[in-house]
Amino acid sequence: DAGITQSPRYKITETGRQVTLMCHQTWSHSYMFWYRQDLGHGLRLIYYSAAADITDKGEVPDGYVVSRSKTENFPLTLESATRSQTSVYFCASSETNGLNQPQHFGDGTRLSIL
Amino acid sequence: QKEVEQNSGPLSVPEGAIASLNCTYSGRGSQSFFWYRQYSGKSPELIMSIYSNGDKEDGRFTAQLNKASQYVSLLIRDSQPSDSATYLCAVKGPTGGGNKLTFGTGTQLKVEL
């Protein structure tokens, strides 16, 4: 049971570059989420998706782009990376977004932007 | 005021003791509550969920919810060194576009030998 996998696990890039973080889940969950985790801020929602081709902004969407052409994949792209986007990024999924449905997290991508 | 507040800690307890982790939240209405454990450098892992007032027990873990006072707590009995981690409280409630999961910044727990 692979669950939810993220790649790469670590990434170093330079300001201005485009970088894409991948997320793949094998549970056939409808909902997928992208969070960033920074010291002092906790987990903050960047974007989420309710189904293929349906995405919506979260709390901190600026500078990020997402797509969801297939249910199992939800890539996150930083179109022109900035140092403030240095963070740990977590992808999560849930079967539905019902009140009692928990979210399950991937292992994360540690992104450093120099 | 933050929506979900936790004391950052660290909370230090001796091995075998009860660790008590607390979380307060704002907002009322239909909400559900989750506790995640996060080891250093790892991802959050769901350990408990609670939806109704009262206590919910699962092994060494007990979640307690008091909606009137707007707090939720996690008790860990017989604490072990392997319980040393950051514990994230999360509250899920309706917003204009659906349900939103809001996390606290976490409490670091250290279980000492």
Side-chain angles (χ1 to χ4, degrees), chain A residues 2-7 9-10 21 23-25 27 29-51 54-61 87-112, chain B residues 1-10 23-25 27-52 56 58 61 63 65 67 72 85-108:
Chain A
I4 184 166
T5 56
Q6 293 184 236
S7 61
R9 292 294 315 279
Y10 304 91
L21 310 183
C23 180
H24 176 78
Q25 54 106 354
W27 290 316
H29 284 174
S30 294
Y31 278 78
M32 296 185 75
F33 307 84
W34 274 107
Y35 292 88
R36 60 179 290 174
Q37 188 174 36
D38 305 287
L39 205 60
H41 288 281
L43 284 156
R44 292 182 291 174
L45 182 65
I46 304 170
Y47 269 96
Y48 69 98
S49 169
I54 301 175
T55 63
D56 209 345
K57 295 178 180 179
E59 183 185 352
V60 288
S87 186
V88 180
Y89 290 85
F90 289 103
C91 180
S93 72
S94 63
E95 193 170 350
T96 71
N97 199 27
L99 207 57
N100 297 346
Q101 279 285 323
Q103 294 177 16
H104 301 278
F105 287 80
D107 289 338
T109 294
R110 187 173 294 274
L111 178 63
S112 295
Chain B
Q1 183 186 2
K2 291 183 180 178
E3 294 181 51
V4 182
E5 296 212 40
Q6 298 181 256
N7 187 316
S8 60
C23 171
T24 58
Y25 63 92
R28 296 195 181 268
S30 299
Q31 292 170 305
S32 56
F33 305 86
F34 304 88
W35 283 99
Y36 287 82
R37 177 177 62 200
Q38 187 173 25
Y39 292 113
S40 180
K42 302 294 186 182
S43 62
E45 173 194 9
L46 179 71
I47 53 172
M48 288 287 289
S49 58
I50 186 166
Y51 317 122
S52 306
K56 180 181 178 183
D58 184 0
F61 298 101
L65 175 59
K67 289 189 175 183
V72 56
T86 296
Y87 290 80
L88 306 176
C89 172
V91 179
K92 195 172 191 181
T95 64
N99 291 320
K100 175 187 173 186
L101 187 63
T102 302
F103 288 84
T105 53
T107 297
Q108 185 184 6

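Excluded from the calculations below are hydrogen atoms, water molecules and symmetry mates; all remaining heavy atoms, backbone and side chain alike, are included. Chain letters run A, B, ... following the sequence lines, proteins first and then strands; every chain starts at 1.
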A.B. asks: More than 12 non-hydrogen atoms from neighbouring residues, nucleotides or ligands closer than 6.0 Å to CD on Glu59(A), yes or no?
C.D. replies: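 Yes - once you tally the heavy atoms of other residues, nucleotides and ligands closer than 6.0 Å, there are more than 12.
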A.B. asks: Once you round to the nearest 0.5 Å, how far does NZ of Lys100(B) lie from CG of Asn97(A)?
C.D. replies: 12.0 Å
A.B. asks: Under 6.0 Å from the CZ atom of Arg110(A), do we count more than 12 heavy atoms belonging to anything else shown?
C.D. replies: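 It does not: Arg110(A) CZ has 12 such atoms or fewer within range.
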A.B. asks: At their closest point, which heavy atom of Lys42(B) faces which heavy atom of Phe90(A), and how far apart are they?
C.D. replies: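 So the minimum-distance heavy-atom pair works out to O-CZ, 3.7 Å.
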A.B. asks: Looking at every non-hydrogen atom in both residues, tell me the closest pair between Pro44(B) and Phe105(A) and how far apart they are.
C.D. replies: O-CB, 3.7 Å
A.B. asks: Check each atom of Ser30(B) against the heavy atoms of chain A and say whether the ones under 4.5 Å are side chain, backbone, both or neither.
C.D. replies: both
A.B. asks: For Lys92(B), which atoms come within 4.5 Å of any heavy atom of chain A: side chain, backbone, both, or neither?
C.D. replies: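 For Lys92(B), backbone and side chain are both near chain A.
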A.B. asks: Give, as side chain, backbone, both or neither, the part of Leu88(B) having an atom under 4.5 angstrom from any heavy atom of chain A.
C.D. replies: side chain
A.B. asks: Quick one, Leu45(A) with Phe103(B), criterion side chain to side chain contact (heavy atoms under 4.5 Å, CB included). Give me CA distance, side-chain angles, the key distance, then yes/no.
C.D. replies: CA-CA 10 Å; Leu45(A) 182 65; Phe103(B) 288 84; over 6 Å; no
A.B. asks: Tell me, side chain or backbone of Gln37(A) under 4.5 Å from chain B's heavy atoms, or both, or neither?
C.D. replies: side chain
A.B. asks: If you tally heavy-atom pairs under 4.5 Å against chain A, which of Phe34(B), Tyr51(B), Phe33(B) wins?
C.D. replies: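 Ranked by heavy-atom pairs under 4.5 Å with chain A, first place is Tyr51(B).
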A.B. asks: Taking all non-hydrogen atoms of both residues, which atom of Ser32(B) and which atom of Asn100(A) are closest, and how far apart?
C.D. replies: CB-OD1, 3.7 Å
A.B. asks: Verify side chain to side chain contact (heavy atoms under 4.5 Å, CB included) between His104(A) and Leu46(B), making sure each step is shown before the conclusion.
C.D. replies: CA-CA 7 Å; His104(A) 301 278; Leu46(B) 179 71; 4.2 Å; yes
A.B. asks: Any non-hydrogen side-chain atom of Leu101(B) less than 4.5 Å from a side-chain atom of Tyr35(A)?
C.D. replies: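 Yes, at least one pair of side-chain atoms sits under 4.5 Å.
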A.B. asks: Examine distances only and state if a side-chain atom of Ser43(B) and a backbone atom of Gly106(A) form a donor-acceptor pair shorter than 3.5 Å.
C.D. replies: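 Yes, Ser43(B) side chain to Gly106(A) backbone: donor-acceptor pair under 3.5 Å.
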A.B. asks: At what distance, to the nearest 0.5 angstrom, does CG of Asn99(B) lie from CD of Gln101(A)?
C.D. replies: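 It is 10.5 Å, given to the nearest 0.5 Å.
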A.B. asks: Under 4.5 Å heavy-atom distance to chain A, tell me which part of Gln31(B) shows up: side chain, backbone, both or neither.
C.D. replies: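 For Gln31(B), the backbone is the part near chain A, not the side chain.
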A.B. asks: Under 4.5 Å heavy-atom distance to chain B, tell me which part of Leu43(A) shows up: side chain, backbone, both or neither.
C.D. replies: both
A.B. asks: Provide the closest heavy-atom pair for Gly93(B) versus Leu99(A) in the form atom of the first, atom of the second, distance.
C.D. replies: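 Nearest pair, atom of Gly93(B) first, then Leu99(A): CA-CD1, 4.0 Å.
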